[in-house]
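Take a look at the structure below.
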There are 2 protein chains.
Amino acid sequence: MSLPHALLGLLATEPRSGYELSKELAEGPVGRFAWKAGHTSVYPELNRLLGKGLIADRGEGPRGRRTYAITDAGRRELQSWLMDDPVGPSKMRNEPVLRMFLLSVLDPDDAITVLRRVIDHVDAEAAELRRARAQYGDTVPPGPEGFGHLAAEYGVRADQAVREWALWAIDQLGRHRSTP
Amino acid sequence: MSLPHALLGLLATEPRSGYELSKELAEGPVGRFAWKAGHTSVYPELNRLLGKGLIADRGEGPRGRRTYAITDAGRRELQSWLMDDPVGPSKMRNEPVLRMFLLSVLDPDDAITVLRRVIDHVDAEAAELRRARAQYGDTVPPGPEGFGHLAAEYGVRADQAVREWALWAIDQLGRHRSTP
DNA sequence: ACCCTACGTGTCATTTTTGACATGTCAATC
DNA sequence: GATTGACATGTCAAAAATGACACGTAGGGT
């Protein structure tokens, strides 16, 4: 149950609306690499956090839009979550990686086809992330965009690792095909 | 809902028991990097797969242990899942990465402390994976251990990416601290 | 003026996952 | 011979996530 912490983290850098939070977690780098969630989980969770006093309502905007900000209690909760508990066994769901592992059940030619597709995909994604990264200057830890900067940088590196792994796997499969 | 596919994938390389499957998904490389699950989800899911005829029961062993094997139908299901649907927006939950992103809410010194802890952790994990990897020879795609080999190789690379990202982040934070 | 799209927030039933509890077996150590 | 720990499989209530549905608004283009 890390969704509340993801929301607190996003709100810790700057106040946002439920819509913006949902978008980041559904399509943005944070959703892609760390914790994906749809708006149907976000809105109820925001109300729970509001009830616990970990976030505060900052009034209405244009279309019933409500902006939330983290409270001191919320910040304390987040900090203790980060500092206190150890780097133990954590929740993990990574569908793309699962699919890559499963590739060994296909015959080598098909597996290679899929791996090439994966490479194209991470290349496109990495290019987009690089563009995003270029927009943040060297604003890293505080500043309203430090969060996105860290995420984009991680994304580029994670994609690169996948890319190189896929190339390695293609090589292995090719080798296996020619030496039966 | 990729758990059934994870199980089919594991069973595609060699028959296993629910206990072995649970262990791999709870503590092994597949669980760590691709899809974590406890035995409480695995056993019911196995019975569902059995009901659908995607896996078959291969009789009992020592302590009521039951070994399952993938069926032809199961293999077809798995292959079409891998080949047919596109590399679209997928499920993603990665608690360690989420925590790293959130680090920007701590003050730089605390963030650096946590990052060093992360580095130690991935180093230890990578060392273990390298040991595991060494045990599989160059048996890659078929063979009973191709699966684990792919997973271990990916794990080493993913850990390496995290390691380098953490080093980069420490550098950024240090820079920020000295230039206020 | 009209239409379309993105904005914006929500509910609710169904499906999935988690965590606590339950139960028994085999092998090795003391 | 007793105890301990890993092996082995399950149930069930509670919590969380998903997907379908629902409703209204502001702005841009034609």
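Naming: A, B, ... by sequence-line order, numbering from 1 per chain.
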Side chain of [X]: nearest nucleotide among [options]?
| X | options | answer |
| --- | --- | --- |
| A:Arg63 | C:dT9, D:dG27, D:dA17 | D:dG27 |
| A:Arg66 | C:dT9, C:dC26, C:dT17 | C:dT9 |
| A:Pro62 | C:dA6, D:dA26, D:dG10 | D:dA26 |
| A:Tyr43 | C:dT9, D:dT9, C:dT17 | C:dT9 |
| A:Thr40 | C:dG10, C:dT17, C:dC7 | C:dG10 |
| B:Asn47 | C:dT25, D:dT18, D:dG10 | D:dG10 |

### Message
Looking at A:Thr71 and A:Gly53, would you say the former's side chain and the latter's main chain have a donor-acceptor pair under 3.5 Å?
### Response
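Side chain of A:Thr71 to backbone of A:Gly53: a pair is present.
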Quick one: [X] [atom1] to [N] [atom2], roughly how many Å, whole number?
| X | N | atom1 | atom2 | answer |
| --- | --- | --- | --- | --- |
| B:Arg65 | C:dG24 | CZ | P | 21 Å |
| A:Glu24 | C:dG8 | CD | P | 15 Å |
| A:Lys23 | C:dA6 | NZ | P | 9 Å |
| B:Leu49 | C:dT16 | CG | P | 12 Å |
| B:Leu7 | C:dT17 | CG | P | 10 Å |
| A:Tyr19 | D:dC23 | OH | P | 20 Å |
| B:Lys91 | D:dT18 | NZ | P | 7 Å |
| A:Arg93 | C:dT16 | CZ | P | 12 Å |

### Query
If you take atom types as modelled and just measure distance, does the side chain of A:His39 reach the base of C:dG8 with a donor-acceptor pair under 3.5 Å?
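Looking at the base of C:dG8, it does not pair with any donor or acceptor on the side chain of A:His39 (distance under 3.5 Å).
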### Message
Within the structure provided, determine whether A:Trp35 and A:Lys91 are in side-chain contact (heavy-atom separation under 4.5 Å).
### Response
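A side-chain contact under 4.5 Å exists here.
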### Task
Answer whether the closest heavy-atom distance between the side chains of A:Leu25 and A:Leu3 falls below 4.5 Å.
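Yes, at least one pair of side-chain atoms sits under 4.5 Å.
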### Message
Both A:Trp35 and B:Thr67 contact DNA chain D. Taking the nearest nucleotide for each, which residue is further toward the 5' end?
### Response
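By nearest-heavy-atom nucleotide position, the 5'-most residue is B:Thr67.
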### Message
Go nucleotide by nucleotide along DNA chain D from the 5' end; which of A:Ser41 and A:Gly64 gets its closest nucleotide reached first?
### Response
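Counting from the 5' end, the first nearest nucleotide belongs to A:Ser41.
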### Query
Which distance, rounded to the nearest 0.5 Å, do you find between the OG1 of B:Thr67 and the CG of B:Asp57?
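Interatomic distance, B:Thr67 OG1 to B:Asp57 CG, rounded to 0.5 Å: 8.0 Å.
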### Geometric class of the B:His5/B:Trp81 ring pair [parallel <30°, tilted 30-60°, perpendicular >60°]
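Aromatic pair B:Trp81/B:His5 classed parallel.
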